[in-house]
Amino acid sequence: MRKRYLMNEIPARSVMKKIVFMLGAFAMLLLASCQKELSDNFITYSGHPLNDTIWVRNVPGSASVHELAKLMLPDIIVDSFDASKDTTLKYGDSLEVTFTAGSCVGAGGATVTGKLRLELFRLKKKGDFIKAFTPTTSNGYPLETAGAFFIRVLKEGKELTLAPGAFIKIRFSDTEPPKPNLHVFNGTESNPVPVSGIDTSFTWTRDSDTSLVRIYTKPSTIPGAPQIMGYEMIAKNLRWVNAERFIDTSRAKTKIHAILPLNYTNKNTAVFAVFTEQKTVVYLRPDFGTRTYSAANIPIGTKLKLVTISRIADGLYLGSKDVNSVGTAVSYSITPEKKSLKDILQFLHNL
């Protein structure tokens, strides 16, 4: 027997089916329209620096990453001395810099006389090497440092050099007990040296004189305090000089990678690996092909902290990640956070 319906049931169900059909058709049209708009018209970079995800093969000097070097440069000591006299300049309880008479010369080796201007800053802590963008590596191989110095001497605004056979004697104490088997390393800079910003070609090169850095002791100037132990380093060049040694070369090594969100590019971000158990700082170079930051020759098992610093528009961003033991194939994701310059400098001070 055929089922019977009430007269008012048939129109209601018919209307409902039509509504469902129309809604489904509308949804399909809307989806197709959205897909076309996303694929054809969506632009990831709208011109605002926070949305810029584009990497470049060659970072220009105007890129915001270079502004970090200007913001974080360590405090500089400005002093003067007489070019014609043996002079020992003392700073605090442990730092002494000795110039011999006639050790500084001008262009072409011309002798200079009178007062000379000294500009000096010291890289003492791990964070100082980040602030100065001078990682402790020699052609990509990590070094352990006891401290580095930038020493510039000028006469009437013109930079001087050391005379042939002349040297500077630097005495200093480290934040840690003296280490044996350290050598003098000189900073090898780009030619010409960038006027401002980061010298991405900078590396440390062992001095041709392979004598070990001498360890010395002397009484403290503070009554009752223990004697001072430190280093006596002979520098035969001005500008960058360091007391360092290569780290253990017998351990197996690997390459590490840091992965950041898309808008942290090689135009605005610098990444470093800071070793926990020794004073070693490695720069992770941006890799255009993979859009990551990487460093080779990291000993397997190393405990370290990855540190990222970025300048995007007017904001500063800091990221960090602790690595308890570097493995054989490692990639680490880091998400930076917006910080003040004061916060970033304090973070670096505590490394």
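Please read these numbers as outputs of a predicted model, since none were measured by experiment.
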Note: Ile344 and Met72 closest approach over all heavy atoms is CG2-SD, 4.2 Å
Close aromatic pair by centroid cut-off 6.0 Å: Phe129 and Tyr283
no
Assess whether a salt bridge exists between Asp128 and Lys131, defined as any Lys/Arg side-chain N lying under 4.0 Å from an Asp/Glu carboxylate O.
yes
Tell me whether the count of non-hydrogen atoms from other residues, nucleotides or ligands lying under 6.0 Å of CG in Asn350 goes above 12.
yes
So, for Tyr332 and Val326, which heavy atoms are closest and what is the spacing to 0.1 Å?
OH-CA, 4.0 Å
For Asp248, I'd like to know if atom CG has over 12 heavy atoms of other residues, nucleotides or ligands within 6.0 Å.
yes
Taking the side chain as C-beta and beyond, is there a heavy-atom pair between Asp287 and His257 under 4.5 Å?
no
Considering residues, nucleotides and ligands other than Leu262, do more than 12 of their heavy atoms fall under 6.0 Å from its CG?
no
Residues clustered with Phe167, ILVMFWY side-chain links under 4.5 angstrom
Ile234
Test side chain to side chain contact (heavy atoms under 4.5 Å, CB included) on Ile312 and Tyr264 and set out the steps.
CA-CA 8 Å; Ile312 304 177; Tyr264 293 87; 3.8 Å; yes
If I compare all heavy atoms of Ser173 with all of Met229, which pair ends up nearest, and what's the gap?
OG-O, 3.0 Å
Do Thr205 and Thr188 have side-chain atoms, one donor and one acceptor, less than 3.5 Å apart?
yes
Should the pair Glu189-Arg239 be classified as a salt bridge under the 4.0 Å nitrogen-to-oxygen rule?
yes
Is the number of heavy atoms from other residues, nucleotides or ligands within 6.0 Å of CD (Glu337) greater than 12?
no
Starting at CG of Leu123, measure out to CG of Asn242 and round the result to the nearest 0.5 Å.
7.5 Å
Tell me if the centroids of the rings in Tyr293 and Trp55 come within less than 6.0 Å of each other.
yes
Looking at Asn58, I'd like to know if its CG atom is crowded, meaning that more than 12 non-hydrogen atoms belonging to other residues, nucleotides or ligands lie closer than 6.0 Å.
no
If the condition is side-chain contact (heavy atoms from CB on, under 4.5 Å), which residues does Thr276 pass it with, not counting sequence neighbours?
Lys303
A quick test of your reading: do over 12 heavy atoms of other residues, nucleotides or ligands sit less than 6.0 Å from CD of Glu156?
no
Do Phe172 and Phe149 have their ring centres less than 6.0 Å from each other?
yes
With a 4.5 Å limit on heavy-atom distance, are the side chains of Lys218 and Ser94 in contact?
no
